[in-house]
Structures are given as C-alpha cells and as structure tokens.
*Asks:* 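Right, I'll just put the structure down here and ask away after.
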Amino acid sequence: MTAENQGGTQQRRAVKAVVPVAGLGTRFLPATKAVPKEMLPVVDRPAIQYVLEEASGAGLSDVLLVTGSGKGAIEDHFDAAPYLESRLAADGKDALLASVREATGVADVHSVRQGVPRGLGHAVLCGREHVGDEPFAVLLGDDLIDADEDLLSRMLDVQAARGASVVALLEVPADRTHLYGVAEVEATGEDGVVRITGLVEKPEPGTSPSNLAVIGRYVLQPGVFDVLARTAPGRGNEIQLTDALETLAADESIAGPVLGVVFRGRRFDTGDKLEYLKTVVTLASERDDLGPAFRTWLNDFSKTL
Ligand code: UTP
C-alpha cells in the first residue's frame, strides 16, 4: 500500500529520542531508594546503556534524558570521566578504557528535569522545547528490546512513510492482558502494521479488545505536545501518555493516524524484580565471554533446586 491510500503523508525519519527516566521506580525498592532503576546493572552495563545503544543503532543520534531528583548518576554515566580514563590509560587497561568510553560516544546526550514526576505523559511534555516541531521517538529507560531486533527502525520507517505516530505492540497471552495498556486495532493491509482505533489501560480479564499490549517504544508526531498539555491527570493521578494517544487515535485530523508495529521478539522489563532477574540470566548466558562458564554453573545449580 502507498502512503497516500493510508491517509498519511511522507516525512523525514525522526532523529531525536526522548528517554524518560524520572520515575520513582517503586517496584524495585529498596534498591532504587538512592540508585536509579535505569542504572541497575544488566550483566556489566546499566540498563539505560542498552536503551541508548538501541536508539543510536536506529539512527536516533540526539537523545534527551528527562531526569529528576536523584538521577544524576545517569547523566554521569554518559559523560566523560577524565580522572578514571587517565588512570586506566596509564595502567594500560585498554579494554576497560574502551568499555568506559563506549557510553560517552553512544549519542549526543542532553537532559531536562521533570521536577515532580507527574506521569509519563508529563515527562514527554518536558521534552517539547528540545524536540521542537518534528517527529521524535520515546524509549522507556527500563524497557529492553533484544539487540538482534530492528523494531525501532521498522517503527521509524512507518512514521516516515505514513506521517503517523507509531506504537510498539507486543502479543501477550490472553491471561496477561490485564497487566498492560491494550490496543483496539484494525488491519492496514501491511503485514505487521495495524491501525490503532482505541486503547484500554489494564482491561478487566475477559474484556480486552485484543492481545496486543503497548510496550515502551513510541514514535510520535509533534502534535502530541498540544494534546499532552491539555490532558488531565488520569490513572494514578498522573498525566498518561496512553490518554493522549487515545485522543490522537480518535481524531486523525489532529496529528495523522496512530499505527502499531507488532513485535514478536524478546522484550525485558528491568523495572520489575522477577523480570530483571530473568533478563540478567538470559543475557549473561548468551555472552561470548561469560556465557560458557555461566551456563555450566547454571546447569549444575538448576539440579540443586
Ligand atoms: P513506570 O511506571 O515504569 O516507572 O514509568 P516508575 O513510576 O519509575 O516505576 P514504578 O512503577 O514506580 O516501579 C515508565 C517510564 O516513565 C518514566 C519512568 O522513569 C519509566 O522509564 N517516568 C514515569 C517519568 O520519567 N516520569 C514520571 O512522572 C513517570
């Protein structure tokens, strides 16, 4: 299908990403009392580094972190560390030096403060001035997508071809839909791309409009900012991005269609304790350096359970 008969207009692929990291991380207390959940290590890199590497790999070279109180370690992680770097260089620890510098070079990183964490929608709205009048991506800092997947690139292609806002959708089992925001969808004629006609936040079991859950990757049109600015606090008394997307989906004249790209790969929610443990074990067991020894130990350990 062409862009025209989908009702959208072709436009430049987004190059900026907004990464909200100002949430309180209450699901991971007490670890997250003084350490941002986005800084929890997944093997040997903080979760947020995987997210910025994914953004950069998809061509999003400009990243805006929406930070808040106690989140300074995230900005430090992506900044140069002259003393540490010169010590590693002097000691000839070249591999470690390169690993430290990887985070610095990952993208052009900026930050803005949210002040009070008034919800994900409000965090995105804090990016308005930096983003300006162009489409942009939103990546949640504790949501990891398998590095082998090209989800974000596919979403950016759809945005550019259709002038649409694009949401990542994950197929979840019917007995888990009540844990997510779930999309009501219709076909577009393009494989893996659906038109979103409505969104339901955590539907009661048995009432879900589909098994397609919204996950933490979005590509949005700048028109979303006006909608967010007039979106009243919703669930949890927070300004919800889902509510603004629902408004956009209900009226395409505001900022074009809202489309969903269906993702069938692996996604890890590192903001949840059990999911975090599964993430670390999975990724460690797949590493070339640690994997062989770790898998041997894991095998032996599992026999003791
Ligand atoms: P979450 O609901 O997963 O984050 O928000 P949270 O509130 O930190 O987590 P819990 O539920 O208390 O454990 C999704 C994303 O939006 C950011 C969070 O940092 C997370 O990356 N967020 C949320 C903000 O930046 N500001 C907010 O006001 C709320």
Side-chain angles (χ1 to χ4, degrees), residues 16-40 42 46-55 60 63-75 77-78 109-131 136-145 152 167-170 172 176 178-182 199 201-202 213-220 224-225 228-229 231-245 267-279:
K16 290 182 181 170
V18 172
V19 181
V21 293
L24 296 177
T26 54
R27 284 171 298 157
F28 223 126
L29 283 168
T32 46
K33 182 180 172 191
V35 175
K37 66 174 170 179
E38 297 82 3
M39 287 302 292
L40 295 176
V42 176
I48 187 73
Q49 189 171 334
Y50 292 81
V51 175
L52 263 60
E53 282 170 359
E54 180 195 345
L60 299 161
V63 173
L64 178 73
L65 298 169
V66 183
T67 72
S69 171
K71 299 282 182 164
I74 301 177
E75 287 159 284
H77 184 73
F78 293 104
V109 179
H110 308 264
S111 65
V112 65
R113 303 267 298 201
Q114 189 182 10
V116 179
R118 294 171 58 204
L120 175 58
H122 179 253
V124 172
L125 186 54
C126 292
R128 181 174 205 161
E129 199 176 330
H130 183 85
V131 168
F136 63 103
V138 174
L139 290 82
L140 301 193
D142 57 348
D143 218 343
L144 266 51
I145 298 294
L152 199 50
V167 172
L169 298 173
L170 180 72
V172 298
R176 291 187 61 80
H178 65 285
L179 301 171
Y180 296 90
V182 178
L199 290 160
E201 192 58 37
K202 302 192 171 68
V214 176
I215 56 170
R217 298 292 179 272
Y218 311 81
V219 184
L220 302 174
V224 74
F225 290 127
L228 282 169
T231 298
R235 176 179 279 265
N237 203 28
E238 293 191 336
I239 297 173
Q240 298 286 355
L241 182 59
T242 308
D243 292 345
L245 289 171
R267 170 249 182 185
F268 306 97
D269 175 6
T270 63
D272 174 88
K273 289 178 193 176
L274 182 59
E275 292 300 314
Y276 170 81
L277 291 171
K278 291 182 193 171
T279 309

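In each ligand, atom 1 is the first atom listed, and ligand 1 is the first ligand listed.
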*Asks:* Give a yes or no on whether the backbone of Asp142 and the side-chain of Lys37 come within a donor-acceptor separation of less than 3.5 Å.
*Replies:*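 No, Lys37 side chain to Asp142 backbone: no donor-acceptor pair under 3.5 Å.
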*Asks:* Do any N or O atoms from the side chain of Gln114 and from the backbone of Gly23 form a donor-acceptor pair under 3.5 angstrom?
*Replies:* no
*Asks:* Could you go through residues 236-245 and list every donor-acceptor pair under 3.5 Å that involves a side-chain atom there, pairing it with any protein atom two or more places apart or in another chain?
*Replies:*
{"residue": "Gln240", "atom": "NE2", "partner": "Arg235", "partner atom": "O", "Å": "2.8"}
{"residue": "Thr242", "atom": "OG1", "partner": "Glu201", "partner atom": "OE1", "Å": "3.4"}

*Asks:* May I ask you to test the Leu220-Val18 pair for a side-chain heavy-atom distance under 4.5 Å?
*Replies:*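 Of all side-chain heavy-atom pairs linking Val18 with Leu220, none is under 4.5 Å.
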*Asks:* Tell me whether Thr270 contacts the main-chain N or O of Ala47 through its side chain, where contact means a donor paired with an acceptor under 3.5 Å.
*Replies:*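 No; zero donor-acceptor contacts below 3.5 Å.
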*Asks:* Give a table of atom pairs where an N or O of ligand 1 lies under 3.5 Å from a protein N or O.
*Replies:*
{"residue": "ligand 1", "atom": "3 (O)", "partner": "Arg27", "partner atom": "NH2", "Å": "3.2"}
{"residue": "ligand 1", "atom": "3 (O)", "partner": "Lys37", "partner atom": "NZ", "Å": "3.4"}
{"residue": "ligand 1", "atom": "4 (O)", "partner": "Lys37", "partner atom": "NZ", "Å": "3.0"}
{"residue": "ligand 1", "atom": "8 (O)", "partner": "Leu24", "partner atom": "N", "Å": "3.1"}
{"residue": "ligand 1", "atom": "8 (O)", "partner": "Gly25", "partner atom": "N", "Å": "2.7"}
{"residue": "ligand 1", "atom": "8 (O)", "partner": "Lys37", "partner atom": "NZ", "Å": "3.2"}
{"residue": "ligand 1", "atom": "9 (O)", "partner": "Lys37", "partner atom": "NZ", "Å": "3.1"}
{"residue": "ligand 1", "atom": "11 (O)", "partner": "Arg27", "partner atom": "NE", "Å": "3.2"}
{"residue": "ligand 1", "atom": "12 (O)", "partner": "Thr26", "partner atom": "N", "Å": "2.8"}
{"residue": "ligand 1", "atom": "12 (O)", "partner": "Thr26", "partner atom": "OG1", "Å": "2.5"}
{"residue": "ligand 1", "atom": "13 (O)", "partner": "Thr26", "partner atom": "N", "Å": "3.1"}
{"residue": "ligand 1", "atom": "13 (O)", "partner": "Arg27", "partner atom": "N", "Å": "2.7"}
{"residue": "ligand 1", "atom": "13 (O)", "partner": "Arg27", "partner atom": "NE", "Å": "3.0"}
{"residue": "ligand 1", "atom": "19 (O)", "partner": "Ala22", "partner atom": "N", "Å": "3.4"}
{"residue": "ligand 1", "atom": "19 (O)", "partner": "Gly23", "partner atom": "N", "Å": "2.9"}
{"residue": "ligand 1", "atom": "19 (O)", "partner": "Glu38", "partner atom": "OE2", "Å": "3.3"}
{"residue": "ligand 1", "atom": "21 (O)", "partner": "Pro20", "partner atom": "O", "Å": "3.0"}
{"residue": "ligand 1", "atom": "25 (O)", "partner": "Ala22", "partner atom": "N", "Å": "2.9"}
{"residue": "ligand 1", "atom": "26 (N)", "partner": "Gln114", "partner atom": "OE1", "Å": "2.8"}
{"residue": "ligand 1", "atom": "28 (O)", "partner": "Gln114", "partner atom": "OE1", "Å": "3.4"}
{"residue": "ligand 1", "atom": "28 (O)", "partner": "Gln114", "partner atom": "NE2", "Å": "3.2"}
{"residue": "ligand 1", "atom": "28 (O)", "partner": "Arg118", "partner atom": "N", "Å": "3.3"}
{"residue": "ligand 1", "atom": "28 (O)", "partner": "Gly119", "partner atom": "N", "Å": "2.7"}
{"residue": "ligand 1", "atom": "28 (O)", "partner": "Gly119", "partner atom": "O", "Å": "3.3"}

*Asks:* Would you confirm whether Arg267, through its side chain, and Gly216, through its main-chain N or O, come within 3.5 Å as a donor-acceptor pair?
*Replies:* no
